[in-house]
Amino acid sequence: MNKQGKLIVLSGPSGVGKTSICQKILNLRSDIRYSVSATSRPMRQGEKNNREYIFLTQPEFKDWIEKDRFVEYAWVHGNLYGTPKQTLENTLNKGYHVLMDIDVYGARVLMQSNPDGLYFFIIPPDFAELEQRLIKRNTDKNEVIKNRLAKAFEELSYKNDYKYIIENRDLARTVQEILSIIEKEINPG
Ligand code: 5GP
């Protein structure tokens with residue numbers, strides 16, 4: 001196992017398939033761990049505390065900010081999301097690579113502090129399809145879906161900050177593409 005693991009960051013509009021991509025990557029590589037973020041958003045059906053997220057109230061989240069417990073945090077769709085510092089450091093120090101699904105503002109902070117990380121931006125094949133995926137997912141109200149689409153356009157304007165821009169047309173192919181980049185970056189030559 002490596003002495004110090006790498007950050008593997010995925011960003012991209014909500015509904016683009018980041019959760020499925022992360023799950024597949026984690027199933028295929030035991031040397032990669034997922035960074036469970038903290039959030040102040042309400043838990044969705046089927047979610048579990050400390051699995052999808054560490055669910056905090058807004059005052060609890062703000063207390064963590066004051067105690068400097070995040071490497072980055074951002075407001076996303078009206079809620080706070082952040083990457084807890086302690087777990088991330090422990091996991092990297094153990095030699096695991098750490099996979100994160102974070103928004104463009106959080107990723108920007110990490111690009112400064114961790115320029116050696118692998119930064120991927122996932123784009124949808126087209127916006128009509130993205131809208132359909134968000135509706136099919138059926139976890140959000142109409143108004144929320146509209147906000148998420150507006151945020152998607154905004155996020156897309158940051159894609160050129162990322163070294164790797166990957167179109168998610170086919171999940172299996174996308175995962176293979178990302179894994180082969182990870183492999184090349186982790187074991188060059
Ligand atoms: P959702 O509420 O759909 O689970 O996530 C909404 C968005 O929040 C996702 O697109 C994801 O990229 C972003 N997000 C999740 N965790 C973090 C985090 O720790 N930091 C930041 N900056 N964004 C996050």
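Order of listing sets the numbers, starting from 1, for every ligand and every atom in it. Computation of the quantities below employed the complete heavy-atom set of this structure, encompassing side-chain atoms and omitting hydrogens, waters and symmetry-equivalent molecules. Computed from a predicted structure; not experimentally measured.
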Enquirer: Side chains of residues 13-24: which donor-acceptor partners sit under 3.5 Å, not counting sequence neighbours?
Expert:
residue	atom	partner	partner atom	Å
Ser14	OG	Arg148	NH1	2.9
Lys18	NZ	Gly12	O	2.7
Lys18	NZ	Asp101	OD1	3.4

Enquirer: Answer yes when Arg41 and Glu47 have at least one side-chain N-carboxylate O distance shorter than 4.0 Å, and no when they do not.
Expert: yes

Enquirer: Measure from every N or O atom of ligand 1 to the protein's N or O atoms and keep only the pairs below 3.5 Å, writing each with atom names and distance to 0.1 Å.
Expert:
residue	atom	partner	partner atom	Å
ligand 1	2 (O)	Arg41	NE	2.7
ligand 1	2 (O)	Arg44	NH2	3.4
ligand 1	2 (O)	Tyr81	OH	2.5
ligand 1	3 (O)	Arg44	NH2	3.2
ligand 1	3 (O)	Arg148	NH1	3.1
ligand 1	4 (O)	Arg41	NH2	3.1
ligand 1	4 (O)	Tyr53	OH	2.5
ligand 1	5 (O)	Tyr53	OH	3.2
ligand 1	10 (O)	Lys18	NZ	2.7
ligand 1	12 (O)	Lys18	NZ	3.3
ligand 1	12 (O)	Asp101	OD1	2.7
ligand 1	12 (O)	Asp103	N	3.4
ligand 1	16 (N)	Ser37	OG	3.0
ligand 1	16 (N)	Asp101	O	3.4
ligand 1	19 (O)	Ser37	OG	2.7
ligand 1	19 (O)	Glu72	OE2	3.3
ligand 1	19 (O)	Gly82	N	3.4
ligand 1	19 (O)	Gly82	O	3.2
ligand 1	19 (O)	Thr83	N	3.4
ligand 1	19 (O)	Thr83	OG1	3.4
ligand 1	20 (N)	Glu72	OE1	3.4
ligand 1	20 (N)	Glu72	OE2	2.8
ligand 1	22 (N)	Glu72	OE1	2.9
ligand 1	22 (N)	Asp103	OD1	2.8
ligand 1	23 (N)	Asp103	N	3.1

Enquirer: What side-chain hydrogen bond (donor to acceptor under 3.5 Å, both in side chains) pairs are there with at least one residue in residues 111-123, not counting sequence neighbours?
Expert: none

Enquirer: Quick one: do Lys163 and Glu185 make a salt bridge, cutoff under 4.0 Å?
Expert: yes

Enquirer: Start with the C-alpha gap between Tyr158 and Tyr105, add the side-chain angles, then the distance that decides, and say whether ring-ring contact (aromatic ring centres under 6.0 Å, His included) holds.
Expert: CA-CA 9 Å; Tyr158 287 84; Tyr105 301 107; 5.3 Å; yes

Enquirer: For Tyr34, what residues pass the ring pair (Phe, Tyr, Trp, His ring centres under 6.0 Å) criterion, not counting sequence neighbours?
Expert: none

